Amino acid sequence: MTDDAVAGTRAAGVSARSEAIYQELILDHYRSPRNRSVLNDADVTITHRNPLCGDELIVYLAMDGTTVREARFTGQGCAISQAAASMLTGALRGGSVDDARVILASYSSMMHGDPASRDDPTLGELRALAGVARLPARVKCALLPADAFSRALDQFEERARS
Amino acid sequence: MHRSDFPLLAASPGLHYLDSAATTQKPAVVLDAMREFYETSNANPHRGAYELSGRATDRYQAARERVARFFGLGDPDCLIFTRGTTEALNLVAQAWGRRELEPRDEVVITAMDHHANFVPWQQIAIATGARLRICELTPDGRLDMDHMRELIGPRTRVVAFPHVSNALGTVNPVADIVALARDAGALTVCDGAQAAPHMPVHFDTLGVDLYAFSGHKICGPMGIGGLLGRRTVLESLPPWQHGGDMIQVVQDEFSSWNVLPHKFEAGTPNVADAVGLAAAVEYVDGIGLDTILAHERHLLALATDRLAAMDGLTIYGPPAAERSGVLSFTMADVHPHDLATILDADGVCIRAGHHCAQPLMRRLHVPATARASFYLYNDESDVDALMRGLQRAAALFAVAGSASD
Ligand SMILES: Cc1ncc(COP(=O)(O)O)c(C=O)c1O
């Protein structure tokens, strides 16, 4: 739908076909999440809550030096937060802490509507979530796992420093 | 019915507004009344020795009298205007609780309370050392009155409960609760936010000591509501906010308080919204609360039957015939927020979340539910749209067995 068409339906009181964000790739990650299990030898574990909906997400990182050896998550949530968590684990695994920061920053700007990030190849599958940026009520859902992983990285680096 | 009275709805033919439990749409008569007030009568009431200020004062007083009449309150001075239910309940918990509660005293609330009733009492209990007791629910979402009977005893100082649950639509037995509390000599505080829009409330015969409501849920503007109280109770309460209008004499060392209702209305009052609220209750009375209730029950029964026939759907709360216009549900494997997004694509507005009732959600063992709520301007086409959206969601998420149509 063009932006004009979106504006037109908005004026009529009907929002854009917001369900368009539920693409097969997102539903697939929701139905069969990747890396959704407890990581017993995690170096960092972060529990993050969305106070608006009560959803709770727990993320785990296991590090090998400054490389993310394993990224996993558990907890419940909507299709958007679960798919984002699932995709993020794949994107962060095997990269360095700096790589992870770059991905999380680009993902966050995509959610805030930055068109450049939508074409950022480092985001990989996460680009399927770009449409969420048009749904202000759901941006928090998409950012919930990203915020959790950012906090996990913060904690890892703080600990490494001390 | 009456959709054309509401400018937002009239301008949005495709919109299916099913979130009136959160806030209702506003009829033109309310918007007109507020505009007319500002255009003809705006001045600070009570304060100016000129004719215009007198007019503003009169309009404010007339609004108070009209709203009091809506609630069957014979003494309009016993209606305190507040920002809404939240402020009214905080007023009571603060003014009464701070002075009256001591360690070993008990405060009774319920597991279905909105945070607006739950948290003020929880916090005043923490501050005073009183004990908070929470009345549990039956499996079908009613107050467990056996538990209530056990809880209320000689140590109970206050029983604060919702007239109607915003998350389940349960209508609570006010008279039974009041009888138990009376026997124990406890104060009764009723959260009427979800009852006042949907059923006749006659304060003077209801029996509770204090009753809170929000105007924006009764077709009125946001930012006004009130606290209704028995005169003896209100007179015994200390003020909770201090400032202009609420005082009688201010000495250097002490002050004395104005009479009701001014004692509880510090500062410049919200006259325009009070005028809007008076127009709103006039509008609602014109249609008739009995008519509104019957209309909502019809839609609720229809929607409940149709939803119950869908696979994977769970409906919360008592049977439709006993609920106010609220339908709370979950669909297996589809998160309520995803449901709300998919329904939004069809212009169907529902609420998804914990409905400011996290203690209740924990007891239902769900993080959130989806909630459709009905009001006088909804009709069967809204139920049809809700069903269509739910079927699409089921198909999209391939919920077992319900993707057939
Ligand atoms: C039962 C109940 N109590 C209290 C409130 C709070 O009302 P308000 O936000 O208007 O103060 C609401 C509405 O949100 C409610 O449904």
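Treat the numbers as computed from the prediction; the structure is a model and nothing was measured. A note on names: the letters A, B, ... follow the listed sequences, proteins ahead of strands, and every chain is numbered from 1.
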Problem set entry | Any donor-acceptor N/O pair, A:Tyr22 side chain to B:Ala393 backbone, under 3.5 Å | no
Seminar exercise, completed: Whatever's closer than 4.5 Å to a heavy atom in chain B on A:Ile80 counts as both
For this session: List the atom of A:Ile21, the atom of B:Thr341, and the distance in Å for their closest heavy-atom pair.
Result: CD1-CG2, 4.3 Å
For this session: Establish, from distance only, whether the side-chain atoms of A:Asp55 and B:His335 form a donor-acceptor pair under 3.5 Å.
Result: yes
Exercise. Should we count CZ of A:Arg69 as having more than 12 external heavy atoms under 6.0 Å?
Worked result: yes
Exercise. Would you call A:Cys141 and B:His337 a side-chain contact if the rule is heavy atoms closer than 4.5 Å?
Worked result: yes
For this session: For B:Glu136, look at atom CD and say whether over 12 heavy atoms of other residues, nucleotides or ligands are found less than 6.0 Å away.
Result: yes
Problem set entry | Full working for salt bridge (Lys or Arg N to Asp or Glu O under 4.0 Å) between A:Arg138 and B:Asp338 | CA-CA 9 Å; A:Arg138 306 305 302 280; B:Asp338 293 320; 2.9 Å; yes
Exercise. If you draw a 6.0 Å radius around CZ in B:Arg83, do more than 12 non-hydrogen atoms from other residues or ligands fall strictly inside?
Worked result: no
